[in-house]
Amino acid sequence: MALWYLCVLLLNVATISRSQVLWNTQLRDTSRIPSNFSRQERMATIEALKGAIQIPTVSFSHEKSNTTALAEFGEYIQRVFPTVFHTSFIKHEVVGNYSHLFTVQGSDPSLQPYLLLAHIDVVPAPEEGWEVPPFSGQERDGFIYGRGTLDNKNSVMAILQALELLLLRNYTPQRSFFIALGHDEEISGTDGAQKISALLQSRGVRLAFAVDEGSFVVDNFLPSLKKPIAIIAVSEKGAMDLMLRVNMTPGHSSAPPKETTISILSAAINQLQQNPMPNMFGRGQVKTMLQQLAGEFSSPINIVLRNLWLFQPFVSRFLEKNPITNAMIRTTVAPTVFQAGIKVNVIPPVAQAIINFRIHPAQTVHEVLELTKNIVADDRVQFHVLRAFDPSPVSPTDDQALGYQLLRHTIHAVFPEVSVVAPGTCIGNTDSRHYLNLTRGIYLFNPVLLKPADFRIHGVNERISVQAYETQVKFIFEFIQNADMELVGMPDSPHQHDL
Ligand SMILES: *[C@@H]1O[C@H](CO)[C@@H](O)[C@H](O)[C@H]1NC(C)=O
Ligand SMILES: *[C@@H]1O[C@H](CO)[C@@H](O)[C@H](O)[C@H]1NC(C)=O
Ligand SMILES: *[C@@H]1O[C@H](CO)[C@@H](O)[C@H](O)[C@H]1NC(C)=O
Ligand SMILES: *[C@@H]1O[C@H](CO)[C@@H](O)[C@H](O)[C@H]1NC(C)=O
Ligand SMILES: [Zn+2]
């Protein structure tokens, strides 16, 4: 996913639930399968990921992807995960020619099903700058290198691997679930995720929750944060591609008018650059959340965060300085295309530009469009929305939010070093937005511990450590079993969700 990695720093949504959620563990305590794997199984797990990296399932552009590789990938997973494909209670379907939908039928139809998401396609990887060829899947110093090791074949393979290992141990689920593997996430997901979602909707499916890529367990990312923290993104920013256009009668450049299409359009863009969209730092429950996180930081940041009543303007300005943290607190405005001019001695009749907006969850497409018109404040500039979608609604994180609580519970069990699990917002976009009709609970979380040096998604030398990948498989192995537990609601819980 484009820019998914920025999710990790977006700690700006809700409060951290410190309350204890009760689980009815009786259901499976006797039959729980331990997540210990033999040496042979662990080797096969790593080899399977390497093989997946070696298939160059590249999405080149909005029209073009390597369909040969996508087809090969479909055959590959059948070969590597034979049990998944030959289990009577699992149905496999190919959707949109290259995407895959698995329906895993649970034994208890009263439990609402959930969905695990991942995507098969990757962004291109020119060889320049790579220590090993990007589609070699080579292992070096405990890391597997290659395009897709973090975005997102690790999830594709870990989900199927965990299921394969569970099935080999005669696991049968109680709660049904779906696995949806999209093949065009990097180029919008309209042939894959969108079609799978439409298919599920046509079958009347309602999901308890969905889990997709989009955030990580992060270590050392925020200044002076003492221990790793896990961020579960519970919302995605929206987006708008807006075309600005200026038309004038063409004239000769020897007697130019005072203003031309180019100068008018430039002035409009300059206005937008000089007047950024409002800072949303004070909105939502940012302050509460940062205050709750305060204890995780060392001095002096903990003091600043405990005293936001005093330091808010300072923190807010600090966040604006860095492009990544700035993107957390406001709608961003990026002019990406500018077109004008046909001949050196002709005043161009048309000048047009495209601006890419990423919309903060506290705003809507409509609000941002109106603000933009007010900032430009020039009738000669026309506005055409080329593509737009609102930010996704914020998924629940309270005691009754099954998906969030299952993730939190599993994170604490599999990553004992993690001190805090906090909700965040994703400033990129994922396939999950195509599933908004199916559930109110969409959680973006990749169970992989990342250090700043591993932050190489869409860049050169993308890699995952062998240990991190094994832990991801273990996490999903535990998560699937945890999903069979019943969440026993807090009797005095004020919120009830229609999950
Ligand atoms: C996992 O551990 C259990 C006991 O704790 C043992 O019986 C079993 O053989 C182990 N499985 C593997 C694959 O190592
Ligand atoms: C597409 O994938 C196939 C393998 O499935 C590979 O042989 C071929 O080189 C790839 N094409 C491009 C343009 O990358
Ligand atoms: C899927 O395959 C059919 C038949 O080969 C083709 O017409 C269609 O364009 C393909 N769709 C995609 C998304 O590649
Ligand atoms: C969601 O459901 C509405 C109403 O049924 C439908 O019009 C819309 O196309 C659906 N959206 C998606 C993304 O599936
Ligand atoms: Zn991705």
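All ligand and atom numbering here is 1-based and tracks the order in the structure.
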Worksheet entry | Ligand-residue contact atoms, ligand 2 with E72, heavy atoms, under 4.0 Å |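 The atoms of ligand 2 under 4.0 Å from a heavy atom of E72 are 4 (C), 5 (O).
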Worksheet item: For atom 2 (O) of ligand 4, which candidate among L436, L200, N437 holds the nearest heavy atom?
Response: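 Of the listed residues, N437 has the closest heavy atom.
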Worksheet item: Looking only at side chains, do S155 and N446 share a donor and an acceptor under 3.5 Å apart?
Response: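 Note: S155 and N446 side chains meet the donor-acceptor criterion.
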Practice prompt. Applying ring-ring contact (aromatic ring centres under 6.0 Å, His included) between F445 and each of F209, F479, F475, F216, report the one that passes.
Written response: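 Among the candidates, only F475 passes.
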Practice prompt. Taking R330 for its side chain and M277 for its backbone only, find out whether a donor-acceptor pair lies under 3.5 Å.
Written response: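 Judged by distance alone, yes, a pair lies under 3.5 Å.
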Look at [atom] and say which protein heavy atom is nearest, naming residue and atom and giving the distance to 0.1 Å.
atom	result
atom 14 (O) of ligand 4	Q201 NE2, 2.9 Å
atom 13 (C) of ligand 4	H434 O, 4.3 Å
atom 1 (C) of ligand 1	N36 ND2, 1.5 Å
atom 11 (N) of ligand 2	N66 ND2, 2.8 Å

Worksheet item: Mind checking whether I196 and Y435 have side chains closer than 4.5 Å, heavy atoms only?
Response: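 SC-SC contact between I196 and Y435 confirmed.
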Practice prompt. Give, for atom CD of Q405 and atom OG1 of T410, the distance between the pair rounded to the nearest 0.5 Å.
Written response: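 One gets 10.5 Å once the value is rounded to the nearest 0.5 Å.
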Fill in: Contact check, R42 vs ligand 1, heavy-atom distance below 4.0 Å
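In this structure, R42 fails to qualify as a contact of ligand 1 - no heavy atom is under 4.0 Å.
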Item to complete: Please say which of N429, D390, V394 ends up in a side-chain contact (heavy atoms from CB on, under 4.5 Å) with E236.
Response: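 When N429, D390, V394 are each tested with E236, the side-chain contact (heavy atoms from CB on, under 4.5 Å) holds only for N429.
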Worksheet item: Where does the angle between the aromatic ring planes of F73 and Y76 fall among parallel (under 30°), tilted (30 to 60°) and perpendicular (over 60°)?
Response: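 Ring orientation of F73 relative to Y76: tilted.
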Worksheet item: Between Y443 and Y404, what is the ring plane arrangement, given parallel below 30°, perpendicular above 60°, and tilted in between?
Response: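 Taking Y404 first and then Y443, their aromatic rings sit tilted (interplane angle of 30° to 60°).
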Discussion item. If the cut-off is 4.0 Å to any non-hydrogen atom of S38, which atoms of ligand 1 fall inside it?
Written reply: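 Result: 13 (C).
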Worksheet item: Should you measure from each heavy atom of R169, which atoms of ligand 1 turn up under 4.0 Å away?
Response: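 The atoms of ligand 1 under 4.0 Å from a heavy atom of R169 are 13 (C).
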Discussion item. Under 4.0 Å from atom 4 (C) of ligand 1, can you find at least one protein heavy atom?
Written reply: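 No; the ligand atom in question lacks any protein heavy-atom contact below 4.0 Å.
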Worksheet entry | Heavy atom of protein inside 4.0 Å of atom 9 (O) of ligand 1, strictly below |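 So atom 9 (O) of ligand 1 lacks protein heavy-atom neighbours under 4.0 Å.
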